[in-house]
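Just so we're on the same page: letters track the sequence lines, and every chain starts at 1. We use all heavy atoms of the structure for the numbers below, so side chains are in, but hydrogens, waters and symmetry mates are not.
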Amino acid sequence: MKNSPSTTERIEMHRKMVLVRRLEERLGELHKAGKTRGPIHRCDGQEAVGVGATAMLATSDYVTSTHRGHAHYVGKGLGVHGIAAEILGRETGYCGGRAGHMLIGEKASGVIGGNAIVGASIPAATGMALSIQVRGGSDVAMCFFGDGAAQTGICHESMNIAALWKLPVVFVLEHNQYGLTVHHSVQSPVADLSIRGAGYAIPSEIVDGNDAVAVYRAVATAVERARRGEGPSLVEAKTYRMQGFSTSDMGGYQGEEDLAAWAARDPIKVSFASLVDAVGQERLEQVEQEAVAEVDAAIEAALEAPLPTFAVFEKTAPYAESF
Amino acid sequence: MKNSPSTTERIEMHRKMVLVRRLEERLGELHKAGKTRGPIHRCDGQEAVGVGATAMLATSDYVTSTHRGHAHYVGKGLGVHGIAAEILGRETGYCGGRAGHMLIGEKASGVIGGNAIVGASIPAATGMALSIQVRGGSDVAMCFFGDGAAQTGICHESMNIAALWKLPVVFVLEHNQYGLTVHHSVQSPVADLSIRGAGYAIPSEIVDGNDAVAVYRAVATAVERARRGEGPSLVEAKTYRMQGFSTSDMGGYQGEEDLAAWAARDPIKVSFASLVDAVGQERLEQVEQEAVAEVDAAIEAALEAPLPTFAVFEKTAPYAESF
Amino acid sequence: MAKLRYAEALNQALREEMQRDPSVFLFGEDIARYGGVFKVTRGLMDEFGEGRVRDTPISEQTLAAMAVTAAMTGTRPILEIMYADFMPLVLDALINQASIYEYLWNDVSMPFVLRTQGGGGAGAGAQHSKSLDSLVAHIPGLKVVAPVTPADAKGLLKTAIRDSQPVIFLEHKLLYNLRDDVPDDPDFTVEIGKARTVCEGADISIFATSRMVLESHKAAELLAADGISAEVIDLRSLRPLDLSAIKTSIAKTHHAVVVNEGWRFCGYAAELSATIMDHAFDDLDGPVARVTLPDMPVPYSEPLEMAVLPNAAKIADAARATLR
Amino acid sequence: MAKLRYAEALNQALREEMQRDPSVFLFGEDIARYGGVFKVTRGLMDEFGEGRVRDTPISEQTLAAMAVTAAMTGTRPILEIMYADFMPLVLDALINQASIYEYLWNDVSMPFVLRTQGGGGAGAGAQHSKSLDSLVAHIPGLKVVAPVTPADAKGLLKTAIRDSQPVIFLEHKLLYNLRDDVPDDPDFTVEIGKARTVCEGADISIFATSRMVLESHKAAELLAADGISAEVIDLRSLRPLDLSAIKTSIAKTHHAVVVNEGWRFCGYAAELSATIMDHAFDDLDGPVARVTLPDMPVPYSEPLEMAVLPNAAKIADAARATLR
Ligand SMILES: Cc1ncc(C[n+]2csc(CCOP(=O)(O)OP(=O)(O)O)c2C)c(N)n1
Ligand SMILES: Cc1ncc(C[n+]2csc(CCOP(=O)(O)OP(=O)(O)O)c2C)c(N)n1
Ligand SMILES: [Mg+2]
Ligand SMILES: [Mg+2]
């Protein structure tokens with residue numbers, strides 16, 4: 001099938017999904033143990049979207065993310081050591097503890113970056129795509145955004161501009177059924193948001209967001225179209241948020257049946273089942289164990305790393321008047 | 001045909017279109033003679049939209065308008081004396097000269113009101129529709145907005161919310177082919193903006209915006225739907241801006257052929273031709289002459305009315321700290 | 001008199017005013033079914049129904065514009081904006097809409113309340129920790145209040161809801177769990193425009209807003225240990241200001257510190273300093289000291305965040321410096 | 001040295017910088033085919049093509065956010081926002097985006113310029129006549145400039161384009177037709193952060209921004225007739241401020257008036273007053289007088305608009321009052 005990932009790529013996606021899953025689980029434990037600070041937004045159950053959609057990107061391509069970005073970060077190539085350390089506010093984090101988990105940015109990897117203003121990832125990627133077009137490059141910019149973010153005005157404005165100028169941007173709508181605590185039916189009168197692509201003549205597709213391979217295929221087609229200069233595409237990945245909105249969420253509004261049904265379609269299970277014949281159970285389990293060990297090591301290292309101390313240094317220079 | 005205006009209503013629409021036309025022409029002359037101040041946005045050639053869309057409304061219904069609101073004002077029942085005086089900055093204007101032509105508001109007539117922030121008429125009417133729904137009323141709120149305004153984020157947000165909550169609002173998109181000086185093809189990748197209604201499950205229709213009867217029919221259906229509690233509708237009225245964007249526009253970018261083609265379909269001509277058999281030429285000409293005389297009298301009165309003098313009075317009370 | 005948490009006091013004010021006046025309604029993100037991420041609107045949808053307590057899409061710009069026109073047409077909307085950091089999204093509605101119509105048009109009033117919460121100290125990062133008070137306090141025709149005590153939270157919210165002008169109601173994420181006495185009387189209100197004296201003093205006046213009132217109170221204790229007697233004034237109303245309270249206090253102490261958690265440059269503390277310049281220059285024996293966040297983003301990691309937030313020690317230092 | 005209109009000087013700066021650096025590009029409403037409603041970008045699309053000079057849809061919020069990220073990824077965007085009144089729409093991009101990333105992330109810079117024009121006096125009404133300087137001057141990490149002369153317009157715009165930080169470039173609708181000498185030298189630039197002395201004086205310092213510099217200059221003439229010698233300083237850079245120019249002038253005159261066309265409360269003039277309080281209190285022999293628009297919407301009709309706008313007479317009155 002066109003734009004299908006190779007077996008090597010599929011194993012790598014599997015590995016990254018396990019990295020993210022383990023990270024989420026460890027963060028959950030640390031939160032319960034009172035060892036985290038500030039809200040943390042887990043994406044377990046949604047890993048296939050972030051990992052599948054970024055698997056075909058080059059380092060020089062750009063990704064913009066949301067408050068729920070762990071899978072996007074890992075997918076685009078950030079290491080779990082720097083992510084874990086940033087989330088735990090350490091000097092060794094990607095941003096020296098200045099940013100926190102919602103705002104991780106790492107320009108060298110094309111992750112610029114997390115964004116906790118809902119919807120803001122969308123014009124951010126559109127602006128990068130404009131930059132690429134003005135410079136005459138062949139990179140693409142990709143934004144992730146949620147079903148809640150799709151209701152913001154900047155989503156509309158960005159799609160209109162991107163389509164009008166045929167910008168090399170890929171819109172990845174991560175439809176996890178919920179805004180913050182409210183079901184999508186309380187946020188929008190239409191269940192399939194990709195219908196809106198037609199309003200901008202943007203090719204749009206719905207994919208199974210729990211199947212990394214399906215996500216990969218749809219997004220790879222969109223990426224190719226963007227690189228050919230044919231403009232933006234919209235991929236709506238249907239998935240489900242298995243945890244509360246964040247660590248501060250009291251929960252209680254997600255249906256048990258829904259949770260069970262989606263758990264049965266866990267993206268890591270789906271990936272495992274589809275790979276096991278070709279790759280063998282042993283190899284896959286080894287990949288998983290190594291991923292788990294990598295995250296555990298990252299968490300331990302982060303917990304032992306020093307907290308930053310405030311200093312007036314090069315990062316505060318643009319704000320020099322204060323000091 | 002369902003929701004067709006009666007002959008009386010059609011004569012009244014004809015009269016109002018002539019009122020607006022004469023007003024526009026006189027303002028054009030006054031501008032050339034250096035007797036106006038600030039930009040004035042003429043709507044000649046587009047009168048059928050504003051007049052046709054408001055003809056079936058009650059006084060208690062609300063209308064929100066744009067920077068190009070003369071036809072909306074007259075359609076909803078404002079008098080040309082108060083309008084002309086406001087445009088000329090007189091004490092006798094609807095707002096005592098404080099507002100100017102882009103911002104005329106007259107709560108008693110349900111015109112609240114003009115709005116020179118592009119797009120702002122849309123959430124304004126949506127908010128009034130929310131108020132109606134909360135109070136349990138059967139009024140409707142209607143907003144006019146342009147093809148340029150349709151690209152703003154608040155257009156998207158408003159339509160989503162209105163459809164989600166089934167608010168009694170009617171969206172009248174006045175598609176006059178231009179934003180400020182740029183053709184719609186430079187503002188949007190789709191020519192028919194009503195296609196976007198589907199993204200919110202909003203019933204949408206395109207009508208000939210130079211035919212007041214066609215506008216009336218489509219809008220009356222939308223108004224009925226809103227009054228029945230079935231939510232918003234979108235009517236896209238195709239028309240054409242016959243003058244420059246405003247009195248400050250240097251022009252030169254509108255095609256002569258386009259202008260000629262649309263001039264042949266002038267809404268007043270269309271209306272005249274469709275009424276003349278039923279009503280007779282004499283009667284129609286009399287209606288027109290009376291309208292012209294009414295505007296001329298309004299302009300003369302306004303020119304002779306006193307300019308306001310600044311005073312700290314009840315209108316400045318909310319800003320009392322300044323004085 | 002019951003002991004209530006600040007969030008509960010707000011909830012009580014909302015409930016009482018909704019019972020009293022059927023034209024009051026609430027809307028905002030996650031406020032109905034969930035009861036608000038800071039739990040201020042808990043139980044209200046159950047009591048008043050989905051029509052009067054509405055969850056909304058994430059569309060702040062439009063929601064605020066809707067509050068303006070709903071308020072002009074017979075209702076009293078109360079809009080919750082989840083974080084003050086999102087206030088930039090509603091400024092067009094406030095500056096280009098709400099602010100102008102009472103002057104331009106006849107017979108309009110705009111009785112809406114926009115509630116939001118700001119401030120740092122919770123590890124929420126650069127996009128969820130700001131105090132943007134000066135952006136809203138700059139807008140003519142609006143009132144801006146920022147209660148600190150649960151009683152003021154209730155009393156000012158009730159007054160705000162009954163006011164015929166727009167009121168921006170600024171809460172603070174670290175105040176919601178503060179517990180204190182709150183009058184039960186459904187007619188208990190607190191006048192907008194009146195400051196509250198937290199403690200009297202003779203040597204220096206500290207004028208503070210929102211959570212910084214608590215830090216200023218602690219600063220007064222630090223200063224007392226040095227033999228300096230500080231008067232702490234909780235402004236409560238950021239606009240209009242209680243000029244007479246400011247003048248009276250400075251006439252007594254001849255020195256002032258102004259404290260606000262927002263940025264310094266063009267921030268709310270600048271207005272306080274300038275106001276004192278305008279109205280009390282002759283009474284001043286030293287320059288007014290400004291204590292604010294430095295002009296930079298709020299960092300995430302705890303030691304960084306704590307280093308930049310204004311606090312009691314910094315306020316006390318500023319007081320000592322201006323007395324020197 | 002050629003005599004150019006202010007708008008032409010800006011046009012020349014844009015052209016020269018686009019010739020010099022292919023990463024500079026322009027976007028905004030009606031700027032390409034039509035050349036801008038104030039004609040600043042005339043002829044540039046013809047010279048540089050549709051790729052580098054772009055007409056945009058009416059989507060200010062997104063356009064500003066795009067400028068931020070385009071600037072972080074290898075280009076130097078220049079965005080025109082047609083009226084300063086629309087700046088509320090771009091504040092999320094400035095406050096929650098542009099302002100934070102140089103601190104949060106490694107190796108990013110944001111070389112973009114946002115040009116806009118504000119101010120009253122043209123009968124444009126309450127939504128097209130405002131000066132909202134303090135909203136942008138409040139934002140850390142941004143520079144804000146407001147040239148008055150054609151030469152400064154050119155020199156500051158060139159510097160702004162070459163700067164690695166975001167620069168908000170504030171023009172005024174009544175300045176575009178001002179004609180004066182402008183250096184031809186393509187390397188002519190004006191440093192950001194340096195004030196300009198318009199006229200020297202001994203009795204009082206008048207610090208002004210944008211068109212109010214011209215009114216202040218006229219006020220100095222009115223005052224001279226009364227035997228009062230006023231020094232007028234054009235701040236040019238609203239952020240960062242030229243502190244040394246401010247201090248030096250006050251050390252000489254011991255009195256100050258600050259003038260800004262925006263609203264008074266929490267306005268830019270408040271920061272000037274507070275800055276003087278911070279840095280020059282001991283040199284002051286009287287309170288700093290603030291001259292601003294009153295806190296109300298700009299009315300449309302000429303006599304109303306003229307009554308509320310700050311002008312030379314009001315500035316001179318304020319100077320006399322503070323000298324009394
Ligand atoms: C402009 C803005 N409004 C509100 C919020 C608060 N908020 C954070 S996440 C969220 C829900 C986002 O829903 P969605 O886009 O579907 O993302 P998900 O959390 O499901 O990943 C809200 C309302 C915010 N951060 N920014
Ligand atoms: C938010 C905002 N951006 C830009 C403008 C400047 N402007 C005024 S009208 C206009 C074009 C509007 O086009 P359209 O909505 O089609 O209305 P029309 O003028 O065609 O009636 C523009 C860009 C404005 N007033 N408000
Ligand atoms: Mg979601
Ligand atoms: Mg148009």
Legend entry - Residue among C:N106, C:D107, C:N96 with most heavy-atom pairs under 4.5 Å to chain B: C:N106
Legend entry - Minimum heavy-atom distance B:I161-C:S59, with the two atoms named: CD1-CB, 4.1 Å
Legend entry - Atom group of C:Y103 that falls short of 4.5 Å from chain B, counting heavy atoms: both
Inset, instruction - Heavy-atom pairs under 4.5 Å with chain C are the metric here; pick the option from B:S131, B:G137, B:A124 that has the most. - result: B:S131
Inset, instruction - Mind ranking C:P57, C:A71, C:A64 by heavy-atom pairs under 4.5 Å with chain B and telling me who comes out on top? - result: C:P57
Legend entry - Under 4.5 Å from a heavy atom of chain B, the part of C:E50 involved: neither
Legend entry - Region of B:Y94 that comes under 4.5 Å of a non-hydrogen atom in chain C: backbone
Legend entry - Proximal component of C:Q165, with respect to chain B [non-hydrogen, under 4.5 Å]: side chain
Inset, instruction - Check B:R135 against C:G74 and note the closest heavy-atom contact, atom names and distance. - result: CD-O, 3.6 Å
Inset, instruction - Count the heavy-atom pairs under 4.5 Å between each of B:D139, B:L164, B:I112, B:T64 and chain C, then report the option with the highest count. - result: B:I112
Legend entry - Short side-chain to backbone donor-acceptor contact, B:E157 and C:T62, under 3.5 Å: yes
Legend entry - Enclosure of B:K166 NZ (heavy-atom neighbours >12, cutoff 6.0 Å): no
Inset, instruction - Using non-hydrogen atoms and a 4.5 Å limit, figure out which bit of C:T56 sits close to chain B: side chain, backbone, both or neither. - result: both
Inset, instruction - Using a 4.5 Å cut-off on heavy atoms from C-beta on, say whether the side chain of B:T152 contacts that of C:Q61. - result: no
Legend entry - Minimum heavy-atom distance between C:M66 and B:P123, given as atom pair plus value: CG-O, 3.5 Å
Legend entry - Interface residue of largest heavy-atom contact number with chain B, from C:L104, C:T75, C:D92, under 4.5 Å: C:L104
Inset, instruction - Rounded to the nearest 0.5 Å, what's the gap from CD on C:Q97 to CG on B:N115? Could you check? - result: 4.0 Å
Inset, instruction - Against chain B, label C:D163 side chain, backbone, both or neither, depending on which of its atoms sit under 4.5 Å from a heavy atom there. - result: neither
Legend entry - Inter-residue atom distance C:I100.CD1 - B:Y319.OH, 0.5 Å rounding: 8.0 Å
Legend entry - Check against side chain to side chain contact (heavy atoms under 4.5 Å, CB included), B:L130 and C:F25: CA-CA 10 Å; B:L130 172 59; C:F25 73 96; 3.7 Å; yes
Legend entry - Main-chain N/O of B:A99 paired with C:W105 side-chain donor or acceptor, under 3.5 Å: no
Legend entry - Residue part contacting chain C, namely of B:I154, when any heavy atom lies under 4.5 Å: both
